[in-house]
S.K.: 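Just dropping this structure here.
No experiment lies behind these values; they were computed from the predicted model shown. Each chain gets a letter, A, B and so on, in the order the sequences are listed, and its residues count up from 1.
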Amino acid sequence: MSVLVFVEGLNGEIKNSSLEAASYGSQVATALGATATAVAIGDVNEAALARLGEQGISKVLFDADARLKQFVADAYVAVIAAAAQKENAKVLVFSNTGIGATVGSKLAVRLNGSLATNVTTLPKTEGGTFTVTRSVFSGKAFADVELTADVKIIAVKKNAIDISRNSGNTATVENFSASLADADFAVAPKETVMQDSEGGILLPEAERVVSGGRGLKGPENWHLVEDLAKAIGAATACSKPVSDQDWRPHHEHVGQTGITISPNLYIAIGISGAIQHLAGVNSSKVIVVINKDPEAPFFKAADYGIVGDAFEVVPKLIEAAKALDK
Amino acid sequence: MKILVCISNVPDTTAKINFTADNKSFDKNGVQYVINPWDEYALTRAIELKEAKGGTVTVLNVGEADTEPNIRKALAIGADDAIRVNAYPKDSFFVAQQIAAIAKENSYDIILMGKESIDYNGFQVHNMVGELLGIPSVTPAFKLDLLDDTTARLEREIEGGKEIVEVKLPFVASAQQPMSEPRIPNMRGIMTARTKPLKVVEPVGAEAKTSIAAYSKPEKKGGVKMIDPENAGELITLLRNEAKVL
Ligand SMILES: Cc1cc2nc3c(=O)[nH]c(=O)nc-3n(C[C@H](O)[C@H](O)[C@H](O)COP(=O)(O)OP(=O)(O)OC[C@H]3O[C@@H](n4cnc5c(N)ncnc54)[C@H](O)[C@@H]3O)c2cc1C
């Protein structure tokens with residue numbers, strides 16, 4: 001029996017969220033006395049895969065099929081299901097990305113398994129049960145969920161697990177493929193349009209995020225957000241009204257009806273901190289709020305705050321950040 | 001065109017989240033329930049498609065009798081009829097199996113729902129339903145158009161961008177902003193909703209594969225440290241030396 005981790009590539013490298021999943025998977029394997037294998041598909045280079053040894057992975061099954069460079073849900077499911085069968089995997093670990101949760105849901109049906117998404121802790125396995133904690137109510141609570149089926153599928157929330165780094169360990173990389181039918185490509189994308197923010201840091205993967213709200217008055221002022229983000233190596237985000245008015249693209253909208261992020265650092269500029277906005281960012285480790293209104297509700301959820309006009313405060317931050325030695 | 005829209009009944013986005021004394025269930029006291037916001041995007045898009053192309057919109061909820069006010073609200077917004085599967089929604093797999101059973105009986109052209117519920121935050125049911133029915137699931141989609149009677153074109157969000165997909169009917173899609181502009185029911189809608197059919201059916205035999213042992217709440221933050229705006233650069237020093245995040 002083994003623990004199988006699915007790792008996602010990004011421009012040839014492995015996403016940090018997947019390194020977290022790999023670290024998670026190998027700790028589960030150790031607890032269960034099993035081995036941790038990874039499966040990778042498409043656009044990842046082999047050297048990066050071998051380095052998964054640092055996260056405790058002993059072997060990587062790699063399907064380099066050129067048709068799978070882009071995510072194709074059913075084809076990915078077929079490959080991972082075949083890998084799970086080959087390895088006799090009883091625990092499957094994903095990162096809680098759109099890809100990970102999609103593939104996990106489909107596999108839960110195919111393998112008749114129990115699925116928990118948004119997972120924030122390693123499993124507790126006392127008394128033969130298998131219980132994980134997951135984030136619920138849009139970050140406002142946690143639920144301990146028991147996975148009762150024979151096969152357990154877990155999607156790990158970003159930034160909940162530290163990446164283990166046992167430098168020097170390498171994983172062996174084996175070529176792997178599964179037989180794919182035409183039907184597996186029925187929902188293949190016709191076209192993909194990337195609208196990366198400047199600097200190319202993907203918002204869900206980002207360690208640091210600088211976010212702007214209606215207080216910034218208009219898209220012409222977004223250089224404040226972008227320049228601060230660039231100075232500290234952050235991705236950019238925004239509140240809902242900002243993307244509703246097309247000041248910023250939709251995939252930057254965080255909150256209850258946007259995406260949920262959990263970076264180490266979230267800097268909110270000119271955002272009031274409505275409960276629906278907090279729902280998307282409340283599991284960030286450190287929250288900084290810059291708002292001219294001392295009564296803005298966001299200060300209650302913040303670790304650091306500055307009451308002041310963004311147009312005066314942010315340039316000072318940019319200057320100070322540029323002065324930091326890297 | 002027959003469209004099925006699955007809705008869930010969730011605490012209002014501003015609701016205080018509390019649990020019963022044993023931490024085993026959500027405390028419904030004083031909590032207002034609404035149609036899951038993401039499901040509303042699905043519902044209004046379905047109604048728009050019906051208005052443009054004809055057909056019917058059926059809403060489906062897996063839930064106990066206390067969800068009926070929100071089912072009626074969906075009818076008031078413009079759905080034609082409703083089905084309630086009379087069961088507590090134990091987990092995503094249980095709900096997906098109930099939806100799949102209804103779908104098999106009625107052969108819908110499109111099955112829509114929100115990308116996740118704001119209480120359980122699963123992001124699971126749509127893909128499970130697609131898998132159970134053996135039809136495509138496109139998720140999370142923020143644009144849905146019909147090219148003709150057999151093909152739909154959807155745009156779905158991916159990290160850092162979007163993907164354009166064309167699929168044959170029937171299919172499942174999950175909705176997110178800005179697929180449509182949710183509507184507020186008008187007086188006429190509210191009147192006619194009272195007489196629209198709401199069928200209550202018993203669940204099919206299906207096992208849940210997870211169970212919730214206990215709930216807890218996150219630890220409270222230690223309080224905010226305020227920095228003088230005149231000396232704003234100090235923040236950067238604190239983020240590096242104290243918080244250690246730079
Ligand atoms: C069902 C539902 C779902 C929702 N989902 C989301 C969601 O996912 N994400 C989301 O963000 N919102 C969501 N909302 C909207 C949410 O309720 C708020 O309306 C929204 O977050 C407010 O955005 P904002 O803070 O940018 O704007 P505002 O509330 O207008 O706040 C602007 C802030 O900027 C400050 N300000 C103004 N000028 C300056 C200046 N010069 N310097 C510094 N500060 C300044 C003001 O003091 C104010 O606090 C949702 C609402 C509902 C009902």
S.K.: Using a 4.5 angstrom heavy-atom cutoff, name the option from A:Q70, A:R110, A:E205 with the most pairs to chain B.
M.R.: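 Looking at each option in turn, the highest pair count goes to A:R110.
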S.K.: Going through the checks in order, is the side-chain hydrogen bond (donor to acceptor under 3.5 Å, both in side chains) test met by B:N121 and B:E116?
M.R.: CA-CA 5 Å; B:N121 305 117; B:E116 66 184 51; 3.0 Å; yes
S.K.: Check for a donor-acceptor pair, side chain of B:Q98 on one end and backbone N or O of B:V204 on the other, with a separation under 3.5 Å.
M.R.: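 Here the side-chain-to-backbone pair exists.
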S.K.: Which answer fits A:A116, side chain, backbone, both or neither, if we ask what part of it has an atom under 4.5 Å from a heavy atom of chain B?
M.R.: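 Interface part for A:A116: backbone (N, CA, C, O).
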S.K.: Using a cut-off of under 4.5 Å on heavy-atom pairs, state which of A:A141, A:G305, A:S114 scores highest against chain B.
M.R.: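 Counting heavy-atom pairs under 4.5 Å, the top option is A:G305.
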S.K.: Identify which part of B:F26 has an atom lying under 4.5 Å from any heavy atom of chain A, answering side chain, backbone, both or neither.
M.R.: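 The side chain, not the backbone.
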S.K.: Between A:A149, A:A155, A:A101, which residue shows the highest count of heavy-atom pairs closer than 4.5 Å to chain B?
M.R.: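 Max contact count across the listed options: A:A101.
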S.K.: Please look at B:A208 and chain A and tell me whether the side chain, the backbone, both or neither of the residue comes under 4.5 angstrom of a heavy atom of that chain.
M.R.: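 The backbone, not the side chain.
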S.K.: Quick test of your reading of the model: are B:K209 and B:D91 salt-bridged, counting only N-O distances below 4.0 Å?
M.R.: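 Looking at B:K209 and B:D91, the cut-off is not met.
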S.K.: Who in residues 235-246 of chain B is close to chain A, using a strict under-4.5 Å heavy-atom cut-off?
M.R.: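 The residues closer than 4.5 Å to chain A, in numerical order, are B:L235, B:I236, B:L238, B:L239, B:R240, B:E242, B:A243, B:V245, B:L246.
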S.K.: Are the side chain of B:T20 and the backbone of B:S25 linked by a donor-acceptor contact shorter than 3.5 Å?
M.R.: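 Flag set: sc B:T20 to bb B:S25 pair under 3.5 Å.
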S.K.: Please tell me whether B:Q124 and A:T117 have a donor and an acceptor in their side chains that are separated by less than 3.5 angstrom.
M.R.: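 B:Q124 vs A:T117: donor-acceptor pair found between side chains.
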S.K.: Would you kindly say whether A:S243 and A:E252 are connected by a side-chain donor-acceptor distance under 3.5 Å?
M.R.: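 Checked: A:S243/A:E252 side chains show no N/O donor-acceptor pair below 3.5 Å.
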S.K.: Looking just at side-chain N and O atoms, do B:D39 and B:N36 make a donor-acceptor pair shorter than 3.5 Å?
M.R.: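 B:N36 and B:D39 do have a side-chain donor-acceptor pair below 3.5 Å.
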S.K.: Does the ring centre of A:F71 sit less than 6.0 Å away from the ring centre of A:Y76?
M.R.: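 They qualify: ring centres under 6.0 Å apart.
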S.K.: Which atoms of A:N112 come close to chain B, meaning under 4.5 Å heavy atom to heavy atom: side chain ones, backbone ones, both, or neither?
M.R.: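 Backbone plus side chain of A:N112, per the 4.5 Å heavy-atom cut-off to chain B.
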S.K.: Would you say the side-chain atoms of A:N16 pair up with the backbone N or O of A:K158, donor to acceptor, closer than 3.5 Å?
M.R.: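 No: the side chain of A:N16 does not pair with the backbone of A:K158.
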